[in-house]
There are 2 protein chains.
Amino acid sequence: MTYAKVELFDEKLQEAALFFKALSHPARLAILNYLANSKVCISGDISNELPLSRTTVNQHLKELKELGLIRGTIDGSKTNYCLNKSRIDEMQFVIDQFLKGLSLPEGFSCKS
Amino acid sequence: MTYAKVELFDEKLQEAALFFKALSHPARLAILNYLANSKVCISGDISNELPLSRTTVNQHLKELKELGLIRGTIDGSKTNYCLNKSRIDEMQFVIDQFLKGLSLPEGFSCKS
DNA sequence: TTTTTATGACGCAAATATACGTCACAATAT
DNA sequence: ATATTGTGACGTATATTTGCGTCATAAAAA
């Protein structure tokens with residue numbers, strides 16, 4: 001039963017939380033950065049760039065893939081991973097929307 | 001030893017990941033939204049707003065507090081929680097910086 | 001004074017995440 | 001033909017997160 005309360009929240013918040021979760025580990029941030037700076041690459045290459053084993057890197061790749069942030073297409077025996085621009089844009093929009101909601105009103109004060 | 005590899009990554013990425021992690025649960029997003037819309041409030045009030053027990057809400061509050069995103073000041077027997085604007089601004093900056101780095105170059109193409 | 005209310009501290013059970021190793025399979029390379 | 005390389009799938013150990021209950025304490029209300 002634990003971990004089941006997430007669904008009781010507003011769907012917008014759930015969606016935003018999923019994006020934030022995907023970005024909550026430096027390895028995944030590094031992977032996204034790397035893909036943004038390369039044109040196309042294979043996961044084997046990526047594990048060489050990170051201080052992690054190939055297995056672990058593949059796991060992080062899988063998470064990013066499941067959220068649609070990256071795509072892996074088979075090219076012969078290798079898999080080309082690259083950013084899914086439209087999905088990244090979607091994520092940026094959702095994050096921006098949430099952050100905007102945090103801006104405090106004029107004259108906001110706190111007794112601290 | 002597990003979970004210890006985070007420190008091997010670039011410090012900027014580590015910092016960004018910590019912010020994203022703080023935002024990775026809808027309950028914390030709901031708390032931040034709630035605090036942004038209220039002037040000042042107490043954690044007892046907040047647990048009434050969420051489908052979670054007081055204990056659990058307090059735990060989420062604690063996490064947000066440890067990252068500095070919110071502040072809890074004692075007001076008599078109650079604790080007033082409110083957003084820490086300067087820290088929120090810092091977070092927005094860090095997140096923006098990271099997201100900017102994901103924008104793909106002109107003429108980017110992927111063989112998929 | 002007793003009861004209620006709010007809070008913090010502590011611990012617990014279950015679910016998830018992190019990090020690797022190994023195995024099997026296909027495609028290259030030697 | 002054999003060795004190497006890249007992959008996905010599977011399993012494992014440890015860490016962390018979620019979500020709650022309980023207990024102790026302090027202040028406010030009855």
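Letters A, B, ... are given to chains in the order of the sequence lines, protein chains preceding strands, and every chain is numbered from 1.
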Atom-pair distance ([atom1] on [X]; [atom2] on [N]), nearest Å:
X        : N       : atom1 : atom2 : result
Leu61(A) : dA19(C) : CG    : P     : 14 Å
Leu23(A) : dA17(C) : CG    : C1'   : 15 Å
Asp45(A) : dG6(D)  : CG    : P     : 8 Å
Asn58(A) : dC10(D) : CG    : P     : 14 Å
Glu49(A) : dG6(D)  : CD    : P     : 13 Å
Lys78(A) : dT5(D)  : NZ    : P     : 11 Å
Glu66(B) : dA9(C)  : CD    : P     : 11 Å
Lys62(A) : dA19(C) : NZ    : P     : 16 Å

- Message: What does the B/S/- profile of nucleotides 15-24 of chain D look like, 5' to 3', with a 4.0 Å heavy-atom cutoff to protein?
- Response: SSBBBBBB--
What are the atom names and distances for every N/O pair under 3.5 Å that joins the protein to nucleotides 26-29 of chain C?
none

Looking only at non-hydrogen atoms, find the nearest pair between [X] and [Y] and report the distance.
X        : Y        : value
Phe9(B)  : His25(A) : CE1-CE1, 4.5 Å
Met91(B) : Leu99(A) : CE-CD2, 4.2 Å
Leu23(A) : Leu29(A) : O-CD2, 3.3 Å

Which pairs would a plain distance check flag for residues 60-70 of chain B, meaning a side-chain donor or acceptor within less than 3.5 Å of a matching protein atom at least two apart in sequence or in another chain?
| residue | atom | partner | partner atom | Å |
| --- | --- | --- | --- | --- |
| His60(B) | ND1 | Arg28(B) | NH1 | 3.0 |
| Glu63(B) | OE1 | Arg28(B) | NH1 | 3.2 |
| Glu63(B) | OE2 | Arg28(B) | NH1 | 3.4 |

- Item | Pairwise distance CG(Leu83(A)) to CG(Leu35(A)) - rounded to 0.5 angstrom |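 The CG atom of Leu83(A) sits 5.0 Å away from the CG atom of Leu35(A).
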- Task: Answer yes or no: is there an ion pair linking Asp96(B) with Lys100(B), defined by an N-O contact shorter than 4.0 Å?
- Result: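 Lys100(B) and Asp96(B): not salt-bridged.
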Could you tell me which residues satisfy side chain to side chain contact (heavy atoms under 4.5 Å, CB included) with [X], sequence neighbours excluded, listed by chain and number?
X        : result
Asp10(A) : Lys12(A), Leu13(A)
Phe93(A) : Gln97(A)
Lys5(A)  : Leu8(A), Leu52(B)

